[in-house]
Enquirer: 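Could you have a look at this structure, given as structure tokens, before my questions?
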Number of protein chains: 2
Amino acid sequence: MRRKSVTIRDVAQMAEVSISTVSQVLNGNNQYVGEAKRDRVLAAVKALQYHPNAIARSMVKRRTATVGVVVTTVLGNLFMPIVECIQEVLRPLGYNIILASTPDLESEMQAIETLKAQQVDGFIFMSFMSSHTQYQSAHLLPLKEEDIPFVVINRPLEKDYDFNQIQFNEWEAGYLAARHLINLGHTSIATISGPRNHVPPWKSAVDRHQGWLEALKEQNLEVVPEWIGDGRYSHEGGYQAALQLLGHWEQAQKRPTAIFVANEHMTIGALRAFYYHGVRVPHDIALVTIGNPAYAAHMFPALTTFAHPVKEAGHIATRILLDQFQSSDTLPAQNIKLSYQFHIRESCGTVPEPTSFSVHA
Amino acid sequence: MRRKSVTIRDVAQMAEVSISTVSQVLNGNNQYVGEAKRDRVLAAVKALQYHPNAIARSMVKRRTATVGVVVTTVLGNLFMPIVECIQEVLRPLGYNIILASTPDLESEMQAIETLKAQQVDGFIFMSFMSSHTQYQSAHLLPLKEEDIPFVVINRPLEKDYDFNQIQFNEWEAGYLAARHLINLGHTSIATISGPRNHVPPWKSAVDRHQGWLEALKEQNLEVVPEWIGDGRYSHEGGYQAALQLLGHWEQAQKRPTAIFVANEHMTIGALRAFYYHGVRVPHDIALVTIGNPAYAAHMFPALTTFAHPVKEAGHIATRILLDQFQSSDTLPAQNIKLSYQFHIRESCGTVPEPTSFSVHA
DNA sequence: CTGTTAGCGCCTTCAA
DNA sequence: TTGAAGGCGCTAACAG
């Protein structure tokens, strides 16, 4: 007896009214229904434990109250927090999220087809930012043509595309990170960047690095090639890059007193390298990074970092989508760039660390 | 012209066949369709860019090829990796996932209703393991009665309930963690547990701790009350617990040479406390923990840890669901307990750390 | 082999 | 104010 399925007909029968009356009551069109009948309907609904079939309703209303969320991966601490924020907005409104994680372009296209077939009311895309991706957004064009609302978060697109997009101000984060270090009095500042040298290079890595560079140049600070590493945004890459830096450090007369590490993974790697070489952060080298994982405030030292504005990103994206749902005609595409949020903690030397390095053991 | 919607009728018309023929072709029932007509249909499908409306299909087939995944939170590094594994299995089969993150029982019940209305074919539940939750699983009973397949991961349930459930062997992990330390020669072993003292206590915290305790007792090792902290599974809790341990350490004549920390967050906190008190891991104290975040292998020291068998959990859960979908009659509920996977790294002292503590700066 | 027909469960005119 | 009827897009008998 799988899915006994109480239908609107059962309710109508029990309440001894017509099915359209039941429908009226359930959809709040009470105006045209008499008290008595409405009560009978409601009673029948309770008694039968009736729950309208959303699929059938979608069928006739031509909207499903679901949005497709397509992400490159569910791992990492960026996308899912945003999804959480999206849910926060959507759930109270009765919307559901169909999640698709699509590592490559092909599966993304595939997912779009599936979700379109599922008649999702709109899409939110979130992906990593290889600058190459800008050439890979053509498959979103059909959505635009079919007038299916969608928002793209964190993907570099040609302005011409005229999609709704939300980006993070990578350049600014790099610039401000360096500025903070400079304001603290540092004049020799190293960096471990993301995959700038990857083919294709990652746009966020390039932008963050340009920001850092700009800040240094602005102050006429020396840019030492050996102090620039490429950590490929990974733990291991950050570790290796820091090791190289330490190598140069050992044999050179000059050494940096501060470093900008372009994401949290590389920071872990760099801290590991520093730790095992007796280089203390921030005492020997001050550190600022980007990305705000849960452990950032609890590391040793606690990480001074620029955090993705996840709440804003999620809320704004959802808002844009909902506005489109409401409005009958096509709204102009929005192009939003959000600033990172700065959290000053211990790693840059601004906030004192909890205790001294004395050994009690 | 939102949703122009090419329908099966349009295809039929263009191909000059009946709609049922189109349907046949699209559903692979080629047996009854002539070559010529089939080709005409296929051509029309291409030309019109026809994509069947999955909603309409669901309506008549009474299955949606979607499963509802209900999680306590999308944050943390346990649930989403499992969701990834679930997707891996489901996507190739054309199934979609509707994700609902429901922090409390009320919203979970709400989500179940919504997803039932959406006619999901089945559910996968994943939640944190307050032992209290066992009294809160009554709301799953209706699913059972309605014969909607579902699997519960990581939630303690009364055996009587007879649900499909997948659990992690918490006790074993605690036990084996302690055993590993003991086998390494340690005889004085501390622990920072999860919220055992919380009301209600967390089952996983209790179980892990019991495992640890059992291993010590088995070997007649002393269980020192001051060496047992409650870190509430949080970064800060782990930090505080470690601080207390260090306090006792300073004034006592005895001190532990090893510690079992019951999850990764508390480990970060504990490492922070140790770091700022000059206590080196594993040199001064060996550490084993549970949970395998991406950074575990890149910490300083790299974490020796018991990892959740996420792949198994995801695959098995999905398998169970799919089997139910296939079978017409109700399958017996499965009760599966999975072992953690042990990763030996540096924090327990087994694997040598990369370099000495020499200071070059 | 192919076309006609009757729904799936619900909403929504349109009469009554 | 209420009920009857006609789809939404598709599938699945059932006739031809």
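Sequence lines set the chain letters: A, B, ... in the order given, protein chains first and strands last, and positions in each chain run from 1.
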Enquirer: Could you give me the CA-CA distance, side-chain angles and deciding distance for A:Thr330 and A:Asp147, then say whether side-chain hydrogen bond (donor to acceptor under 3.5 Å, both in side chains) is met?
Expert: CA-CA 7 Å; A:Thr330 310; A:Asp147 244 330; 3.1 Å; yes
Enquirer: In whole angstroms, how far is the P atom of D:dA12 from the CZ atom of B:Arg63?
Expert: 11 Å
Enquirer: In whole Å, I'd like the distance from the CZ atom of B:Arg38 to the P atom of C:dT2.
Expert: 10 Å
Enquirer: Look only at the side chain of B:Lys144 and the backbone of B:Asp162, and say whether a donor-acceptor pair between them is shorter than 3.5 Å.
Expert: yes
Enquirer: Consider only side-chain N and O atoms of A:Asn27 and A:Ser23, and report whether a donor and an acceptor are under 3.5 Å apart.
Expert: yes
Enquirer: With a 4.5 Å cut-off on side-chain heavy atoms, are A:Arg63 and A:Phe325 touching?
Expert: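 Result no, sub-4.5 Å side-chain heavy-atom pair not found.
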Enquirer: Report, as a single string ordered 5' to 3', how protein heavy atoms within less than 4.0 Å touch nucleotides 3-16 of chain C: B base, S sugar-phosphate only, - not at all.
Expert: BB---BBBBB----
Enquirer: Got a salt bridge between A:Glu108 and B:Arg91, using NZ or NE/NH1/NH2 to carboxylate O under 4.0 Å?
Expert: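 Salt bridge: no.
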